[in-house]
Amino acid sequence: MASFRAFLNSPVGPKTTHFWGPVANWGFVAAGLADINKPPEMISGNMTGAMCIYSALFMRFAWMVQPRNYLLLACHVSNETVQLYQLSRWAKGQGYLSQKKEESTSQ
């Protein structure tokens with residue numbers, strides 16, 4: 001009971017935005033994972049790129065804020081990974097990543 005009370009009243013506990021912000025941001029990760037099975041034509045390159053930039057900026061914020069917010073950092077590392085994968089799927093679907101391979105096989 002004492003450890004739960006310590007967590008409840010800690011600077012990063014559930015009474016603060018240091019806890020609820022990352023919890024809400026896990027929705028981005030879940031949405032990205034749900035989109036993995038969708039065709040690449042449905043991926044928005046602009047939005048996925050914006051999500052990559054957003055997560056990269058907030059990874060730095062989570063590391064620099066005091067006290068360090070490891071939950072937010074883990075959330076944005078996960079989101080960055082998922083969004084970069086989605087961005088690579090979009091780029092392959094648009095033909096941006098397969099161009100070099102086609103050039104090397106035709107020579």
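Keep in mind that what you see is a predicted model, and the values were worked out from it rather than measured. One is the number of the first residue; the rest follow in order along the sequence.
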Between CG on residue L71 and NE2 on residue H76, distance to nearest 0.5 Å
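The CG atom of L71 sits 9.5 Å away from the NE2 atom of H76.
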Rounded to the nearest 0.5 Å, the OG atom of S78 sits from the CG atom of N25 at a distance of 11.0 Å
Donor-acceptor contact present, side-chain [X] to main-chain [Y], <3.5 Å:
{"X": "T16", "Y": "G13", "answer": "yes"}
{"X": "W90", "Y": "S44", "answer": "no"}
{"X": "Q86", "Y": "I43", "answer": "no"}
{"X": "T48", "Y": "G45", "answer": "no"}

Listed partners of [X] passing side-chain contact (heavy atoms from CB on, under 4.5 Å), at least two apart:
{"X": "A91", "answer": "Y96, L97"}
{"X": "A56", "answer": "M59, E80"}
{"X": "L33", "answer": "V29, I36, V82"}

Of all heavy-atom pairs between [X] and [Y], which one has the smallest distance, and what is that distance?
{"X": "Q83", "Y": "C52", "result": "CB-SG, 3.6 Å"}
{"X": "C75", "Y": "P22", "result": "SG-O, 3.9 Å"}
{"X": "P40", "Y": "G93", "result": "CB-CA, 4.3 Å"}

Hey, quick one: are V77 and M64 part of the same hydrophobic cluster, counting side-chain heavy atoms closer than 4.5 Å, chains of contacts allowed?
yes
In sequence, state the C-alpha distance, the side-chain angles, and the governing distance for F58 and W63, and then conclude on side-chain contact (heavy atoms from CB on, under 4.5 Å).
CA-CA 8 Å; F58 271 87; W63 186 256; over 6 Å; no
What pairs with K15 under side-chain hydrogen bond (donor to acceptor under 3.5 Å, both in side chains), at least two apart in sequence or on another chain?
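Applying side-chain hydrogen bond (donor to acceptor under 3.5 Å, both in side chains) to K15 gives N9.
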Taking the side chain as C-beta and beyond, is there a heavy-atom pair between L72 and F61 under 4.5 Å?
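A side-chain contact exists here, since the closest heavy-atom pair is under 4.5 Å.
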Measure the shortest side-chain to side-chain distance between S10 and F19 over non-hydrogen atoms and say whether it is less than 4.5 angstrom.
no
Is there any side chain to side chain donor-acceptor pair (under 3.5 Å) pair reaching into residues 64-75, and which pairs are they, with sequence neighbours excluded?
H18-N69
Using a 4.5 Å side-chain heavy-atom cut-off and chaining through intermediate ILVMFWY residues, the residues clustered with I53 come out as L57
Linked hydrophobic residues, F4 as query - side chain contacts closer than 4.5 Å
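Its cluster mates, by chain and number, are L8.
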With sequence neighbours excluded, residues passing salt bridge (Lys or Arg N to Asp or Glu O under 4.0 Å) with K38
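K38: salt bridge (Lys or Arg N to Asp or Glu O under 4.0 Å) contacts with D35.
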Tell me which pairs pass ring pair (Phe, Tyr, Trp, His ring centres under 6.0 Å) where either residue lies in residues 21-48, with sequence neighbours left out.
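Sorted pair list: F28-Y54.
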